[in-house]
Undergrad: 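My questions all concern the structure below.
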Amino acid sequence: MAYSELIKNFDRIRDFLREFFVYGFRNRGEYDAKSGRTYDDERRRMESWLGSYMSFRREASGKNVFISIDSRSIRRNPLYNAFKAKSFTANDLVLHFYILDILADGGRMSVREILEKIDGEYLSRVKTPLEFDESTVRKKLKEYESLGLLCSEKSGKQVLYARSDRSSVDGTNEFNDRSWKEAAAFFSEADPLGVIGSTLLDRDKSPPDYFGFKHHYILHAMESEILYGLLDAIHRRFRVELKIFSPRRGEPSSHIVVPLKIYISAQNGRRYLLAYNARFKRHIFYRLDSVRTLVLKEPEPAFERYEKSAEAFRKTLWGVAAPKRDSFDHVEMDVRVKKGEQHIIGRLNREKRGGSVCVLNGDDGEKLCRFSADVKDAAEMLPWLRTFIGRIADLRCSEDPVIKTFREDIRAMEKMYGVNDDAVL
């Protein structure tokens, strides 16, 4: 029988997955949070979710277990299973149906009215003794309001709750089974919050499995809760408190920030938050996989001002590196474009970000195009600049180490392939 114990604290599961299966490849002897038996329990839980996607290797320090997945061969992200293993008490389940049934007729009721109806019309008919106090019901109503299941409005000193059901365009609550499955299947693997689509597909016994992805960054599914909380805070224009864990410091640090924008790397799928940190009085990027917890704070009255300054700040970036210095690195690259290669100019214009592109000279044959940009950190541009090797006529940068690194990379490549050709630059 599969190991099927449910969990309450997902933060612990996320940390365990990261440290032992994704990034750290640590072994049982390095588990210092609790006992070795706790490690065994967590490992068995992971195995029940990941099954054949787990591998191990033996080293001098012990047996290391890790996730081994060819992302091109899977149709559904197995890491979503971790979110579907959340536990509920018997009272949670009973209260869920009681509340939704009481409010099913579309009426509005206060906490006390709902509690009286539960006691008078529901609990009086059950043999098993159950008891709900006002605090428990109030917390459940607020939780369901935050999830969008209920809505509330104030009437005098009372808060009245109602179901927030919405009918479809044709006035019914029905939907066409065939029309949503394909969209949900694509959404579940392509969207940053794809766990929502995956949960919807669990309703179907044979979900579509014909979508495949060459570059499928499944590991960042573990940050879905954090990402959802940040998007909610941005939408509501709230401050948040982040607990950031840094391996160098060894313990979490607290940051109260104004979240402004989410960035996702097209190269590795890693996600970043661009936020304004009032304590440091500047915009800072935070890696989502370093965020341990997120707490919604109060509304930010200056949100629009920070949003506008972030837009100006964004234009000075190439990636997510944001040095404290106020100066910029100036980069210029002259690219040869031969006849019939108009797509190269198109690519430069499409990928220039905050830079500019102009045609210096040329005729019907070869042209010379210049790309120039002022950025916070030119070193971030190196991977992109390398993609033009063989076409670069000249490359200049106000930061000499950037040019030095670029040339050293070329020399290393020439040595690797036994080439000695100065035409590459």
Undergrad: Can you find a side-chain donor-acceptor pair between S309 and R314 that sits under 3.5 Å?
TA: no
Undergrad: Please determine whether the number of non-hydrogen atoms from other residues, nucleotides or ligands lying under 6.0 Å from atom NE2 of H235 exceeds 12.
TA: no
Undergrad: Kindly check if the number of other-residue, nucleotide or ligand heavy atoms within 6.0 Å of CD (E304) is above 12?
TA: no
Undergrad: Please check if atom CD in Q267 has more than 12 non-hydrogen atoms from other residues, nucleotides or ligands closer than 6.0 Å.
TA: no
Undergrad: Over 60° means perpendicular and under 30° means parallel, so classify the ring planes of H283 and Y276, tilted if in between.
TA: perpendicular
Undergrad: Measure from the side-chain N and O atoms of T136 to the backbone N and O of F132, and report whether any donor-acceptor pair falls under 3.5 Å.
TA: no
Undergrad: Rounded to the nearest 0.5 Å, how far does CE of M381 lie from CZ of R386?
TA: 12.0 Å
Undergrad: What distance separates K157 NZ from S110 OG, expressed to the nearest 0.5 Å?
TA: 14.5 Å
Undergrad: Look at the side chain of N349 and the backbone N and O of I345, then say whether any donor-acceptor pair between them is shorter than 3.5 Å.
TA: yes
Undergrad: Short question: side chain of T316, backbone of V375 - any donor-acceptor pair under 3.5 Å?
TA: no
Undergrad: Report the distance from atom CG of L260 to atom CD1 of I234, rounding to the nearest 0.5 Å.
TA: 7.0 Å
Undergrad: Under the 6.0 Å and 45° cation-pi test, does R270 pair with Y263?
TA: no
Undergrad: Would you kindly say whether E332 and H330 are connected by a side-chain donor-acceptor distance under 3.5 Å?
TA: yes
Undergrad: Would you kindly say whether S152 and E145 are connected by a side-chain donor-acceptor distance under 3.5 Å?
TA: yes
Undergrad: Starting at CZ of R163, measure out to CG of L103 and round the result to the nearest 0.5 Å.
TA: 7.5 Å
Undergrad: For R292 and P252, indicate whether the former's side chain and the latter's backbone hold a donor-acceptor pair under 3.5 Å.
TA: no
Undergrad: Is a donor on one side and an acceptor on the other found under 3.5 Å between the side chain of Y217 and the backbone of A266?
TA: yes
Undergrad: For the side chain of S155 and the backbone of Q158, is there at least one donor-acceptor N/O pair under 3.5 Å apart?
TA: no
Undergrad: So that I can tick it off, tell me whether E307 and K261 are bridged by a salt bridge, with the cut-off set at under 4.0 angstrom between side-chain N and carboxylate O.
TA: no
Undergrad: Check E134 with R112, please: is the shortest side-chain N to carboxylate O separation under 4.0 Å?
TA: yes
Undergrad: Y122: which residues meet the ring pair (Phe, Tyr, Trp, His ring centres under 6.0 Å) condition with it, sequence neighbours left out?
TA: Y98
Undergrad: Between F238 and R236, is there a cation-pi geometry (under 6.0 Å to ring centre, at most 45° from the normal)?
TA: yes
Undergrad: Who pairs with S188 by side-chain hydrogen bond (donor to acceptor under 3.5 Å, both in side chains), at least two apart in sequence or on another chain?
TA: none
Undergrad: Measure from the side-chain N and O atoms of S198 to the backbone N and O of G194, and report whether any donor-acceptor pair falls under 3.5 Å.
TA: no
Undergrad: May I ask you to decide whether R271 forms a salt bridge with D289, counting only side-chain N to carboxylate O separations under 4.0 Å?
TA: no
Undergrad: What I'd like to find out is whether the side chain of F313 reaches to under 4.5 Å of the side chain of L274, using heavy atoms alone.
TA: yes
Undergrad: One thing to verify: whether R76 and D202 come together as a salt bridge, which I'm taking to mean a side-chain N less than 4.0 angstrom from a carboxylate O.
TA: yes
Undergrad: So, the side chain of E380 versus the backbone of A321: is there a donor-acceptor pair under 3.5 Å, distance only?
TA: yes
Undergrad: Can we say E300 and R237 salt-bridge, meaning some charged N sits less than 4.0 Å from an Asp/Glu carboxylate O?
TA: no
Undergrad: If you apply the rule side-chain hydrogen bond (donor to acceptor under 3.5 Å, both in side chains), what do you find for R347 with T387, and how did you get there?
TA: CA-CA 11 Å; R347 184 191 161 200; T387 64; 2.7 Å; yes
Undergrad: Does this structure show an ion pair linking K315 with E311, if we count only N-O contacts that are shorter than 4.0 Å?
TA: no
Undergrad: Between the main-chain N or O of R282 and the side-chain N or O of N277, is there a donor-acceptor pair closer than 3.5 Å?
TA: no
Undergrad: Please name all residues satisfying side-chain hydrogen bond (donor to acceptor under 3.5 Å, both in side chains) with S135, sequence neighbours left out, ordered by chain then number.
TA: none
Undergrad: Going from NZ on K404 to CG on D409, what distance comes out if it is rounded to the nearest 0.5 angstrom?
TA: 12.0 Å
Undergrad: Can K352 be said to sit on top of F371's aromatic six-ring, NZ or CZ under 6.0 Å from centre and within 45° of the ring axis?
TA: no
Undergrad: Decide whether H255 and E241 meet the rule of one side-chain donor and one side-chain acceptor closer than 3.5 Å.
TA: no
